[in-house]
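So the structure is just underneath, and the comments pick up after that.
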Amino acid sequence: MPQDYYDVLGVPKNASEEQIKKAYRELAMKLHPDRNKEKDSEEKFKRVNEAYAVLGDPEKRQQYDAFGPDQFGQRFNQEDIFKGFNVNDLFREMGFNVNFGESADPFNFFGGGMGRSQDVGQSILHRLDLTLEEVAKGVEKEIHVKHVKECDRCSGNGAEPGSKMTKCPRCDGHGYMKSVRNTIFGRMESVTPCERCNGKGKVYDKLCRKCSGKGGVVAEEKVKVTIPGGVEEGMRLRLQGLGDHGKDGSGDLYVEIHVQKHKIFKREGDNIVVDVEVPFYTAILGGNVDVPTLKGMKNVEIPAGTQPYAKIVLRNEGIKSLNGSGHGDQVVNVDVKIPKSLSRDQEELLRRFKEIEGGRDSGSKKKFGMF
C-alpha cells in the first residue's frame with residue numbers, strides 16, 4: 001500500500017499550506033544527501049519532494065484527497081505529479097545553488113551524471129460537458145483545443161531552414177556551466193546545463209523566423225475524443241502528446257468530464273433511478289404504465305397490489321460499466337398518485353369499497369373472538 005503523503009511530511013490532513021511548506025523545508029534540509037550520509041537518505045529525500053509536489057499544489061492536493069493514496073497512484077504517474085513543480089526557488093531559499101530547468105527531473109543531480117535540461121511542453125486541460133445519455137453508452141466528441149503546436153517551418157527544432165550548428169558562445173561548447181557558492185553546508189560547486197544550448201554545447205546560427213526559435217506556434221485545432229461509456233463526474237482522460245509542443249517532447253491533453261444534471265434521472269453508480277407516478281387504481285388492480293428510460297419510453301407492468309414507494313428494477317437499462325462488461329439497472333420508484341378531488345360516482349364507488357372492506361374486517365374480528 002502506498003505511503004500517505006501526509007505521513008511522509010508528518011502533517012495532519014487538515015494542515016494549512018504554510019504548515020505543509022514548513023514541514024517540507026525542515027525535512028529537505030535534514031535529508032539532503034549532501035548533508036545526510038545515511039544509506040536511504042536519497043530515497044527519503046525523493047519521497048519528501050514527491051509528497052510536497054502534490055500537497056503543495058492546491059489542485060493536486062484536492063485530487064489526492066478525493067482519490068486517496070491507492071487510486072491517486074493508479075491515475076497519475078511521476079510526470080503528472082512533478083508537472084509544474086519548480087524546485088529551483090525552494091532549494092535556493094535553503095542555500096542550494098542548483099538549476100534543474102523547468103521540466104527536468106529534480107533528482108538528476110543525485111546520480112552524478114550531467115545530462116541536459118529537458119524542454120518538454122506543458123500539459124493542458126480541457127473541460128467537456130456531457131449529457132447522462134452520452135455517458136451511459138459512450139460517445140465520440142470533437143473539441144477545439146488551443147495549444148502550442150510544432151512549427152511547420154522548422155519542424156520543431158527552432159532553426160531557420162538551411163542554418164548551421166555552431167559552438168555555443170555562452171558555455172564555449174561544453175554544454176554546462178559551473179558555479180561555486182558558500183552555503184550552510186559549506187563550499188558547494190554546482191554544475192548545471194547551459195540554458196542557451198540546453199546542454200547540447202551547440203546552437204543554430206539562425207533562428208526560425210516563424211517561431212523565433214521556440215519550435216512551436218500557438219494554434220487552435222480540432223481533436224476527436226472517444227469517451228467510453230460509464231465515465232463519472234470529474235474524471236480526466238489523458239490524450240498523450242496532444243498538449244503543448246516542446247523540443248524534447250510534447251505535453252499531454254487532459255479532458256475533464258463534467259456530467260450535466262438530468263431533469264428526470266439520478267445516477268447511483270452504474271444504476272439510474274427515476275420516480276414514476278402510478279394511479280392508485282393501477283397499483284391496486286395492476287396494469288401497465290409508460291416509463292422513461294435512457295433509450296426512450298418503455299411499457300412496464302405494474303403488479304396488482306403494488307405498494308407506495310415500491311421499487312421495480314429494469315435489468316440492464318442503466319449505464320454501461322466502465323471497468324467491466326454489461327450495464328447497470330434502472331430502478332423505478334413507484335409514486336402512487338392519490339386524487340385530490342373525486343366525482344360523485346367515484347366517491348360512491350370508494351364508499352362502497354370501504355363498506356365491503358369494513359364488513360370483512362368485522363367478520364375477521366368475530367372469527368378471532370371465537371377462539
Side-chain angles (χ1 to χ4, degrees), residues 1-33 36 38-91 94 100 102-108 110-111 120 122-128 135 227-228 230-240 243 251-259 267-270 319 321-324:
M1 179 177 179
Q3 188 175 3
D4 192 297
Y5 288 148
Y6 289 100
D7 293 338
V8 172
L9 296 182
V11 297
K13 293 192 182 328
N14 61 349
S16 65
E17 292 183 17
E18 188 58 36
Q19 287 177 307
I20 290 174
K21 189 172 184 179
K22 180 181 179 182
Y24 166 70
R25 285 178 173 176
E26 291 176 353
L27 288 170
M29 294 280 283
K30 176 183 176 181
L31 296 172
H32 192 285
N36 191 319
E38 293 182 8
K39 186 177 180 180
D40 59 348
S41 64
E42 180 177 327
E43 188 60 37
K44 288 181 179 179
F45 185 66
K46 293 179 181 181
R47 188 65 175 163
V48 165
N49 277 275
E50 180 180 327
Y52 184 69
V54 174
L55 300 184
D57 184 297
E59 184 178 347
K60 294 176 186 175
R61 183 182 181 183
Q62 184 178 20
Q63 294 170 338
Y64 181 77
D65 291 341
F67 294 123
D70 290 330
Q71 288 294 320
F72 186 85
Q74 294 175 11
R75 292 171 181 265
F76 302 96
N77 57 28
Q78 290 290 299
E79 181 183 347
D80 300 326
I81 289 173
F82 287 104
K83 182 70 70 176
F85 179 56
N86 191 342
V87 298
N88 293 329
D89 294 338
L90 289 168
F91 283 126
M94 294 185 287
F100 304 118
E102 293 183 357
S103 304
D105 182 353
F107 308 120
N108 278 344
F110 292 144
V120 179
Q122 292 290 317
S123 291
I124 58 178
L125 180 67
H126 181 89
R127 175 188 173 115
L128 181 60
V135 167
I227 310 296
V231 293
E232 297 181 14
E233 172 70 22
M235 279 189 173
R236 290 184 176 182
L237 304 179
R238 181 186 181 191
L239 280 67
Q240 191 171 4
D252 299 325
L253 168 62
Y254 288 89
V255 179
E256 187 173 81
I257 302 299
H258 292 273
V259 185
R267 179 176 181 176
E268 294 181 355
D270 288 341
I319 294 172
S321 178
L322 178 63
N323 299 317

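Q19 places a side-chain N or O within donor-acceptor distance of the main-chain N or O of S16, the cut-off being under 3.5 Å. Looking at E256, its side chain never comes within 3.5 Å of a backbone N or O of R127 through a donor-acceptor pair. R236 places no side-chain N or O within donor-acceptor distance of the main-chain N or O of L125, the cut-off being under 3.5 Å.
Between Y5 and F72, the angle of the ring planes goes over 60°, which puts this pair in the perpendicular group of the 30/60° scheme.
Tested against I124, the residues L239, L253, V255 include a single side chain to side chain contact (heavy atoms under 4.5 Å, CB included) partner, L253. Of the candidates V259, L322, I227, V259 is the only one forming a side chain to side chain contact (heavy atoms under 4.5 Å, CB included) with V135.
By the side chain to side chain donor-acceptor pair (under 3.5 Å) test, K30 is found to be paired with no residue, residues two or more places apart in sequence or in another chain being considered. Residues satisfying the side chain to side chain donor-acceptor pair (under 3.5 Å) test with R267, not counting sequence neighbours, are none.
Rounding to the nearest 0.5 angstrom, the gap separating the NZ atom in K13 from the CG atom in L55 is 9.0 Å. Distance check, rounded to the nearest 0.5 Å: CZ of R47 to CG of D7 gives 10.0 Å. In this structure, E50 CD and L9 CG are separated by 10.5 Å, a value rounded to the nearest 0.5 Å. Note that the NZ atom of K22 and the CG atom of L27 stand 12.0 Å from one another [nearest 0.5 Å]. Distance check, rounded to the nearest 0.5 Å: CG of D252 to CD of Q240 gives 5.5 Å.
Side-chain contact between Y6 and R61 is present, with at least one heavy-atom pair separated by less than 4.5 Å.
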Discussion item. Working note: L237 + Y254, criterion side chain to side chain contact (heavy atoms under 4.5 Å, CB included); need CA distance, chi angles, decisive distance, verdict.
Written reply: CA-CA 6 Å; L237 304 179; Y254 288 89; over 6 Å; no

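For the residue pair Y24/N49, the side-chain donor-acceptor check at 3.5 Å is satisfied.
Counting non-hydrogen atoms of neighbouring residues, nucleotides and ligands closer than 6.0 angstrom, the CD atom of E233 exceeds 12 such neighbours.
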